[in-house]
Amino acid sequence: MTTAHWLFGDQLGPHFLTPGDDGPEHDAPVVIVEARSVFRRRRFHRAKAHLILSAMRHRAAELGDRASYIRSDTYREGLHEALGNSPVTVHHPTSHAALRLVRSLGTVTVLPARGFLVPQPDFTAWADGHGGRHLRQEDFYRWVRRGHHLLMDADAPAGGRWNHDHDNRDPPPKDVRTLAVPPPYRPREDAIDEEVRHDLDRWERSGDISFVGNDGPRRFPATRREASAALRRFVEHRLAGFGPHEDAMLQADPVMSHSLLSSSLNLGLLHPAECVEKAEEAWRSGQAPINSVEGFVRQIAGWREYVWQLYWYFGDDYRHSNALGHRTPLPDWFLELDADAVTARCLATTLAQVRDTGWTHHIPRLMLLGSYALQRGWDPRAVMDWFHRCFVDGYDWVMLPNVIGMSQYADGGRMTTKPYTSGGAYIHRMSDLCTGCAYRPTERTGDRACPFTTGYWAFLHRHRQRLSGNTRMSQAVRGLDRLRDLEELLQRSRDEGDDPP
Ligand SMILES: Cc1cc2nc3c(=O)[nH]c(=O)nc-3n(C[C@H](O)[C@H](O)[C@H](O)COP(=O)(O)OP(=O)(O)OC[C@H]3O[C@@H](n4cnc5c(N)ncnc54)[C@H](O)[C@@H]3O)c2cc1C
Ligand code: SF4
């Protein structure tokens, strides 16, 4: 009898059902379990819950009679209901907790992970070969480019350089409200979406599950067909402009030239190889310049892949890292995504984007939301949980390195060489957000003091000793000595309390 195959809700693309030695049996019956307890454990953004359930139910509908779709309280119960004690295969899940679960079920054979470019043992060998501790994303990225012959001309990087970051850090163009690039793909809802929404309403009414944020209309792909259309549209119409303003922010244009593909990649609807290959084809056929294509390839074959590998390499204890000893709980206005309570224009704008869509691009995540949390000494695990719950593309594997490592520096520098935080001057340079704000980016004391500027200096002061030993931060720390109003600034920072800025 053919062994059944279990698909998790982030294993929904065709590559998770390709048979082979490291895959399910040919025409294996498929089991998909919708476990309600997942939504009881965390207070998710409603748009995220909607997207995931819609994607899972759409996949079951596509597979028709081949799939059993089980609604149960837990995975364990659902699997037992579908198969009793019969054997089942599953591809390596994407979290430590899920891996523990599948290993604890005696009937499950765990197959290698799919949906990434580099097999885990290859990464372990690479990382161990680099001494294990001070790994560099840039080295990893070049190794992946070489190994996958990605954007390469023989042994040399195509376009003459490995790294085009220098061309991809422009501020937004002056005097524009939007980048005026063609809009991204947006899906159309159907009866399955309607059914999911109805179920979410029912769960909320029953009182044991609650959500945060606004739901609908669905903005991100839930099927392979939709995700492929989104990728096509990005490559054909938006990739060319991806590079130059990658780090910039515009109040009226939250998406700019970003791809919006993270949720589709993380649901397993797209494979990273097809994304980078299509981007490379666009460069080779003259449709997109090298800086944009290399920038996009770096995000996927560099950052995304690196983050996935580090999640497993650093191990489950990494989540407990708290090198800076930050323990402050998150305030209610942040937990509730209460953008209307916030005066600081940059933070209000970004929090409203998260509340309304469950998404903002990389720089608002890192240099606004994450940076604000870091400056205030918020508990890194609580910050991680917040990102995980509130973002449509948030999963444990992607959160740990991005939040514990990159954004909160809680690992003391295992992932990045310095903490990512800034005063208002950086935000002013890279956005139009300060225009019209009640605060002034250059002021650090007084009624119009920018909370990012005050917070930046207070953060440097708090961790002066540690940061002065970091070559990339020592000059900034020395700047504290030039501040004549340091005491006043620190008092202002203390007075902030939990209030929204
Ligand atoms: C604090 C913080 C939290 C983040 N949380 C998540 C998250 O929960 N899920 C997530 O997928 N990304 C996360 N990122 C990375 C990045 O911000 C998002 O992948 C990106 O903003 C998604 O939008 P996009 O698809 O338009 O990306 P683009 O700017 O178009 O980039 C292309 C793709 O590159 C990949 N990518 C780029 N950077 C990263 C990265 N650091 N880690 C993983 N993938 C990356 C994504 O798949 C993305 O779709 C986080 C970054 C920070 C700083
Ligand atoms: S002045 Fe400060 S708070 Fe206001 S938008 Fe600029 S950086 Fe943000």
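Just so it is clear, the model here is predicted, and its values are computed rather than measured. Ligands are counted one by one from 1 in listed order, and the atoms in each one are counted from 1 as well.
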Aromatic contact, Phe452 with Tyr439 (centres under 6.0 Å): no
Close approach of Phe242 to ligand 1, heavy atoms, under 4.0 angstrom: yes
Ligand 1-proximal atoms of Val307, by part, heavy-atom distance under 4.0 Å: side chain
Numbered atoms of ligand 1 (with element) below 4.0 Å of Asn266, judged on heavy atoms: 9 (N), 10 (C), 11 (O)
Nearest protein heavy atom with distance in Å, relative to atom 2 (Fe) of ligand 2: Cys450 SG, 2.4 Å
For ligand 2, the portion of Cys437 having any non-hydrogen atom under 4.0 Å away: side chain
Heavy-atom proximity to atom 16 (C) of ligand 1, best of Glu246, His362, His361, His388: His362
Ligand 1 contacted by Tyr306 (non-hydrogen, < 4.0 Å): no
Those atoms of ligand 1 less than 4.0 Å from some heavy atom in Phe387: 1 (C)
Identity and distance of the protein heavy atom lying nearest atom 29 (O) of ligand 1: His258 ND1, 2.7 Å
Over 12 foreign heavy atoms within 6.0 Å of CZ, Arg284: yes
side-chain hydrogen bond (donor to acceptor under 3.5 Å, both in side chains) between Asn402 and Arg365, worked out: CA-CA 10 Å; Asn402 272 312; Arg365 295 187 203 203; over 6 Å; no
Contact atoms of ligand 1, heavy-atom distance to Phe296 under 4.0 Å: 32 (C)
Selection from Trp303, Trp397, Phe234 by shortest heavy-atom distance to atom 39 (C) of ligand 1: Trp303
Closest approach of any protein heavy atom to atom 33 (C) of ligand 1, naming residue and atom: Ile300 CG1, 3.7 Å
Atoms of ligand 2 close to Leu433 [distance to a heavy atom under 4.0 angstrom, numbered from 1]: 5 (S)
Closest candidate by heavy atom, reference atom 38 (N) of ligand 1, pool Met256, Glu305, Lys48, Gln299: Gln299
Over 12 non-hydrogen atoms of neighbours within 6.0 angstrom of NE2 in His428: no
Trp359-ligand 1 polar pair, N/O distance under 3.5 Å: yes
Contact atoms of ligand 1, heavy-atom distance to Gly394 under 4.0 Å: 8 (O)
Aromatic ring proximity, centroids under 6.0 angstrom, Phe391 and Trp359: no
Distance-only polar pair, side chains of Asn163 and Glu294, donor-acceptor under 3.5 Å: no
Side chain, backbone, both or neither: the part of Pro501 lying under 4.0 Å from ligand 2 by heavy atom: neither
Between His130 and Trp126, ring centroids under 6.0 Å: yes
Options Met399, Arg238, Arg365, Met367, ranked by nearest heavy atom to atom 18 (C) of ligand 1, top entry: Arg365
Distance-only donor-acceptor check, side chains Asp356 and Asn214, under 3.5 Å: yes
Distance from atom 6 (Fe) of ligand 2 to nearest protein heavy atom, with residue and atom: Cys434 SG, 2.3 Å
Pair Arg177 + Asp432, salt bridge at N-O below 4.0 Å: no
Any side-chain donor near an acceptor of the partner, Asp393 and Ser262, under 3.5 Å: yes
Distance-only polar pair, side chains of Gln353 and Thr360, donor-acceptor under 3.5 Å: no
Ring centers of Phe123, Trp312 separated by less than 6.0 Å: no
N or O contact, Leu261 vs ligand 1, cut-off under 3.5 Å: yes
Pair Ser210, Arg43: side-chain N/O donor-acceptor within cut-off below 3.5 Å: yes
Nearest non-hydrogen protein atom, atom 9 (N) of ligand 1: Asp393 O, 2.8 Å
Parallel, tilted or perpendicular, as decided by the 30° and 60° cut-offs, for the rings of His463 and His326: tilted
Phe391 touching ligand 1 at heavy-atom level, < 4.0 angstrom: no
N, O or S from Cys346 under 2.8 Å to atom 8 (Fe) of ligand 2: yes
Atom 24 (P) of ligand 1 [closest protein heavy-atom partner, distance rounded to 0.1 Å]: Leu260 N, 3.6 Å
Where ligand 1 meets Leu265 - atom numbers and elements under 4.0 angstrom, heavy-atom basis: 47 (O)
From Ser259, Pro272, Ser262, Ser263 - option closest to atom 22 (C) of ligand 1 by heavy atom: Ser262
Option of least heavy-atom distance to atom 45 (C) of ligand 1 (set: Met406, Arg298, Arg304): Arg304
Validation row, ring centre Phe44 to ring centre Phe211 under 6.0 Å: no
Heavy-atom gap Tyr420 to ligand 1 smaller than 4.0 Å: no
No-hydrogen, no-angle side-chain donor-acceptor test under 3.5 Å, Arg304 and Asn266: yes
Pair Trp308 + Tyr395: ring centers closer than 6.0 Å: no
Option whose closest heavy atom lies nearest to atom 51 (C) of ligand 1, chosen from Leu369, Val297, Asn402: Asn402
Those atoms of ligand 2 less than 4.0 Å from some heavy atom in Ala344: 3 (S)
Contacting atoms of ligand 2, where contact means under 4.0 angstrom from a heavy atom of Ile427: 7 (S)
Option among Phe116, Phe314, Tyr306, Tyr311 that satisfies the ring pair (Phe, Tyr, Trp, His ring centres under 6.0 Å) test with Trp397: Phe116
